[in-house]
Protein chains: 2
Amino acid sequence: MSKTREKILDTAIDLFSERGYNDVSVRELTQAVGIKESSLYNHFENKQQILDTIYQELLQSYETMTLPLKTIMEMLENMSLEEFLELAVRNFDNYMAQPRMRKIWRIISIERFRDERAREFFNRYLVDSALEYQTKVFEGMIRKGLIKDWDPRALARETHGFMLFVYFRYMEFDPQADLKEVREMVMDHMKFLTQAIRK
Amino acid sequence: MSKTREKILDTAIDLFSERGYNDVSVRELTQAVGIKESSLYNHFENKQQILDTIYQELLQSYETMTLPLKTIMEMLENMSLEEFLELAVRNFDNYMAQPRMRKIWRIISIERFRDERAREFFNRYLVDSALEYQTKVFEGMIRKGLIKDWDPRALARETHGFMLFVYFRYMEFDPQADLKEVREMVMDHMKFLTQAIRK
DNA sequence: GTCTATACGAGGATAGAC
DNA sequence: GTCTATCCTCGTATAGAC
């Protein structure tokens, strides 16, 4: 990987995450990098390929993040409900606390309105697979008698819906945002949830 | 109001809500309307003014929607918790069930990434003022002893956060979406909430 | 790999005839 | 109010010298 290529990618992530792919011209991007427009095409075939590369990075980082469900179930054996929910929050938090990851997710949030692949990413990774995953976790908890016998799908929506709300409102926009307040809100939510479903 | 002007506005709402303001050219818009590009400028000063007009419509319709807080408090005198929450859901639902309103909110959702005013609209009307409003309602409920003495701000986030999650995931994209499933999810949520906070 | 120069289509907008 | 014709800028991208 050349230095210039990396710099193009970094700058693209910065700029695309601010105003979206279409609103950032190659002229502006290359100027911010400090090269001429034509030089960009030594590193990427075209503008679209820059975005593709960013998407790929997201995909890879996402797949290394989520723990296998089997591991989760094993952890549940030795953990209280509170401990487990706290862990779930910390996991999401760790991931979203990385400015680069937040920026890339922000690009996805913008592009999903015009780009089918971004929509895919968003719905699949940020929403549906997370819901499915948590549904299974709650199913496990119910089976073990840890929590009330509520519809696990509905419970998953209760947990994850709130996370997405928080993400949208407070984290999405300001890459430098102080996450303390956000964390407190999420913790409040987990407390609320715990007392509501504990048996 | 001329017929052509109305048609431009309708078409703009359709197209902008699909791909956003910047991705719809004046050429495309006027072609969809069935007039020449130059004719558009007899009805609007420029492209931006079309978007401004759409924003204004949203502002007006929103302000006629929300009931004064005083009225809400009076209604609380004669209603059960369930009835009240159901009413709140129906209110949001009625509003978002109008395809035109959903389209305009979708434009806001898209434009908030690049347009300060859209961001204002989104944060202020769709999130913050709704949270503030519901906080006051929950405060009233706690004072009346209808619900548990939980932080009313946190409760407002629990209710409204979920509504936004549902809006984002399921309503935002498909103007023709079958809202039945969405309503069921919201009702599940309200049931969950009710049993969690009822005294 | 980077530069200068250039192509060329698409974008928003205006002038002026009808 | 609508049309034809036209303008100018900005967008992505390429050719070819260094």
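In what follows, every chain begins at residue 1, and chains take the letters A, B, ... in the order their sequences are listed. It should be emphasised that the depicted structure is a prediction, and the values quoted were computed from it without experimental measurement.
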Specify the separation, in whole Å, of atom [atom1] of [X] and atom [atom2] of [N].
| X | N | atom1 | atom2 | answer |
| --- | --- | --- | --- | --- |
| A:Tyr41 | D:dT12 | OH | P | 6 Å |
| A:Asn22 | D:dC10 | CG | P | 17 Å |
| B:Leu29 | C:dG11 | CG | P | 12 Å |
| A:Asp23 | D:dC10 | CG | C1' | 13 Å |
| A:Ile35 | D:dT12 | CD1 | P | 13 Å |
| A:Leu40 | C:dC3 | CG | C1' | 14 Å |

Exercise. With a 4.0 Å cut-off, would you call B:Glu18 and B:Arg106 a salt bridge?
Worked result: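 Looking at B:Arg106 together with B:Glu18, the answer is no, because their closest N to O distance does not fall below 4.0 Å.
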For this session: Could you tell me whether A:Glu28 and A:Arg19 have a side-chain N and a carboxylate O separated by less than 4.0 Å?
Result: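 Judged by the 4.0 Å cut-off on N to carboxylate O distance, A:Glu28 and A:Arg19 do form a salt bridge.
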For [Y], is there any backbone N or O sitting under 3.5 Å from a side-chain donor or acceptor partner on [X]?
| X | Y | result |
| --- | --- | --- |
| A:Arg102 | A:Met96 | yes |
| B:Arg5 | B:His43 | yes |
| A:Thr194 | A:Glu82 | no |
| B:Glu83 | B:Met79 | no |

For this session: Could you identify which residues of residues 44-53 of chain B place a heavy atom less than 4.0 Å from some atom of DNA chain D, listed by residue number, or say none?
Result: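 Within residues 44-53 of chain B, no residue comes under 4.0 Å of DNA chain D.
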Under 3.5 Å, which donor-acceptor pairs do the side chains of residues 147-155 of chain B form with other protein atoms, sequence neighbours left out?
unit_1   : atom_1 : unit_2   : atom_2 : d
B:Lys148 : NZ     : B:Ala196 : O      : 3.3
B:Asp151 : OD1    : B:Arg153 : N      : 3.0

Sort me out a list of protein N/O and nucleotides 4-6 of chain D N/O pairs below 3.5 Å, or just none if empty.
unit_1 : atom_1 : unit_2  : atom_2 : d
D:dT4  : O4     : B:Ser38 : OG     : 2.7

For this session: Going by the side-chain contact (heavy atoms from CB on, under 4.5 Å) test, name the single residue among A:Leu58, A:Leu59, A:Ile108 that passes it with A:Tyr125.
Result: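 By the side-chain contact (heavy atoms from CB on, under 4.5 Å) criterion, A:Tyr125 pairs with just one of A:Leu58, A:Leu59, A:Ile108: A:Leu59.
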Exercise. Base, sugar-phosphate alone, or nothing: which one does B:Val33 contact when heavy atoms must sit under 4.0 Å apart?
Worked result: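 Nothing: the residue B:Val33, judged by heavy atoms under 4.0 Å, touches no strand.
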